[in-house]
Protein chains: 2
Amino acid sequence: MNTAAGKAVGKRTPTISGPCSRWPAENRGIIRQVLDRVGDKWSTLVVAALGDGPLRYTDLKDSIPGISQRMLTLTLRQLHRDGLITRTPYAEVPPRVEYDLTPLGVNLHDIVVSLIDWAGNHHEEIRENRARFDARITP
Amino acid sequence: MNTAAGKAVGKRTPTISGPCSRWPAENRGIIRQVLDRVGDKWSTLVVAALGDGPLRYTDLKDSIPGISQRMLTLTLRQLHRDGLITRTPYAEVPPRVEYDLTPLGVNLHDIVVSLIDWAGNHHEEIRENRARFDARITP
DNA sequence: CCGTATCCTGAACGATACTG
DNA sequence: CAGTATCGTTCAGGATACGG
């Protein structure tokens with residue numbers, strides 16, 4: 001793409017929104033913080049896992065292979081703090097705590113899903129690209 | 001963790017498996033890798049910055065406040081490797097190198113934009129949630 | 001102008017052990 | 001079951017200096 005003088009560039013979101021320039025400078029700090037949280041690996045996976053409905057701690061842990069107790073707890077607390085998930089403990093024995101997406105969290109979930117779908121749809125292509133790139137670098 | 005397999009160019013592979021149930025287990029590993037790249041803070045910002053058209057190294061650096069030369073270079077190489085951006089050097093003096101989104105990158109850009117818009121639209125709400133949460137914890 | 005090559009630090013993360 | 005507390009390690013990433 002981008003032949004010669006950069007004239008024939010493909011269509012580029014003629015839609016409403018440009019990138020960063022769309023938000024005033026004073027907001028960029030917090031927007032970055034939000035992006036950091038959102039872009040966080042475990043947060044993404046937790047939000048994705050909660051897409052099908054509420055889950056309790058252990059189920060969450062099981063449905064996200066590789067996550068440590070520590071990181072799950074931490075991630076859940078952050079998401080809770082940001083108001084993206086709810087945490088409802090039941091006074092039973094044995095204890096039960098359920099986590100669920102808030103409306104705000106559902107909002108984010110949609111985007112996360114599109115991200116995951118994108119990754120799923122293109123991982124093969126990306127894998128090939130990487131292989132090709134590495135082949136050129138290390139022949 | 002010992003270097004079990006592969007030569008890990010970027011982040012190390014967490015453990016096994018991955019996110020949602022909608023993709024077969026064997027793909028989850030690479031999907032996580034893709035998500036890691038995509039969810040990466042700097043990658044996001046670079047992709048966002050390239051939304052308006054091709055940019056050269058320095059312009060890129062200027063339009064992403066806070067990024068170090070090192071991270072910009074690294075991020076650009078990863079994105080290039082994944083086939084999300086092109087890198088075209090011009091044999092001039094002084095040197096000029098332009099980076100641009102590939103069609104695949106444009107694809108991702110749309111999602112990134114929705115993420116940024118989401119962050120922009122909800123950062124105020126999130127800020128309030130955080131304040132409320134912290135107030136309850138530390139009264 | 002466009003990077004690469006080193007060095008160094010903090011904090012992110014996993015592992016482990018312990019409670020209500 | 002659903003966490004908390006602590007410790008040790010790794011490594012992402014900034015700072016700096018140099019090279020084509």
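Everything numeric in this text was worked out from a predicted model, so none of it was measured. Protein chains get the first letters and strands the later ones, always in sequence-line order, with residue 1 at the start of each.
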Shortest side-chain distance from [X], nucleotide among [options]:
{"X": "B/T73", "options": "C/dC1, D/dA2, C/dG3", "result": "C/dG3"}
{"X": "B/R70", "options": "D/dG13, D/dG3, C/dC1", "result": "D/dG13"}
{"X": "B/M71", "options": "D/dG13, D/dC1, C/dC13", "result": "D/dG13"}
{"X": "B/Q69", "options": "C/dT4, D/dG3, C/dG14", "result": "C/dT4"}
{"X": "A/P95", "options": "D/dG3, D/dA2, C/dC1", "result": "D/dA2"}
{"X": "B/W42", "options": "C/dC2, D/dG14, C/dG14", "result": "D/dG14"}

*asked:* With a cut-off of less than 4.0 Å, is there a side-chain N or O of B/R77 near OP1 or OP2 of C/dT4?
replied: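 For B/R77, the contact criterion (side-chain N or O under 4.0 Å from OP1 or OP2 of C/dT4) is met.
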
Does A/R56 have a side-chain nitrogen or oxygen under 4.0 Å from the phosphate oxygens OP1 or OP2 of D/dC1?
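The answer is no; no side-chain N or O of A/R56 sits under 4.0 Å from OP1 or OP2.
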
[N] [atom2] sits how many Å from [X] [atom1], rounded?
{"X": "B/R96", "N": "D/dG20", "atom1": "CZ", "atom2": "C1'", "result": "18 Å"}
{"X": "A/E92", "N": "D/dA2", "atom1": "CD", "atom2": "P", "result": "10 Å"}
{"X": "A/L72", "N": "D/dT4", "atom1": "CG", "atom2": "P", "result": "11 Å"}
{"X": "B/L55", "N": "C/dC2", "atom1": "CG", "atom2": "C1'", "result": "15 Å"}
{"X": "A/D40", "N": "C/dC13", "atom1": "CG", "atom2": "C1'", "result": "11 Å"}
{"X": "B/E98", "N": "C/dC1", "atom1": "CD", "atom2": "P", "result": "14 Å"}
{"X": "A/R87", "N": "D/dA2", "atom1": "CZ", "atom2": "P", "result": "10 Å"}
{"X": "A/L74", "N": "C/dG14", "atom1": "CG", "atom2": "C1'", "result": "12 Å"}

Checking B/T44 side chain against B/V38 main chain: does a donor-acceptor pair fall under 3.5 Å?
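Yes.
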
Under a 3.5 Å distance rule, please check whether B/T88 uses its side chain to pair with a backbone N or O of B/V97 as donor and acceptor.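 It does not hold such a pair.
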
* Asked: For the side-chain hydrogen bond (donor to acceptor under 3.5 Å, both in side chains) test, which of A/E125, A/R127, A/R132 pairs with A/N129?
  ->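 Exactly one candidate clears the test, A/R132.
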
* Asked: Among B/T75, B/D100, B/L104, B/L76, whose side chain to side chain contact (heavy atoms under 4.5 Å, CB included) with B/I85 holds?
  ->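 One option only clears the test, and that one is B/L76.
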
Which heavy atom in [X] sits nearest to a heavy atom in [Y], and how many Å separate them?
{"X": "B/H109", "Y": "B/V47", "result": "CD2-O, 3.2 Å"}
{"X": "B/L108", "Y": "B/L84", "result": "CD2-CD1, 4.1 Å"}
{"X": "B/T102", "Y": "B/G83", "result": "OG1-O, 2.7 Å"}

Q: Pick base, sugar-phosphate or nothing for A/Y99, based on heavy-atom distances below 4.0 Å to the nucleic acid.
A: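 The residue A/Y99 makes sugar-phosphate contact but no base contact.
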
| task | Describe the nucleic acid contact of B/T58 in one word from base, sugar-phosphate, nothing, applying a heavy-atom distance below 4.0 Å. | result |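 Since only primed, P, OP1 and OP2 atoms lie under 4.0 Å of B/T58, the category is sugar-phosphate.
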
For DNA chain C, the expected dot-bracket line (Watson-Crick or G-U under 3.5 Å, [ ] crossing, | inter-strand) is |.||||||||||||||||||

Evaluate the ring planes of B/Y57 and B/Y99, with Trp represented by its six-membered ring, and classify them as parallel (under 30°), tilted (30 to 60°) or perpendicular (over 60°).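 Tilted, since the angle between the ring planes falls between 30° and 60°.
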
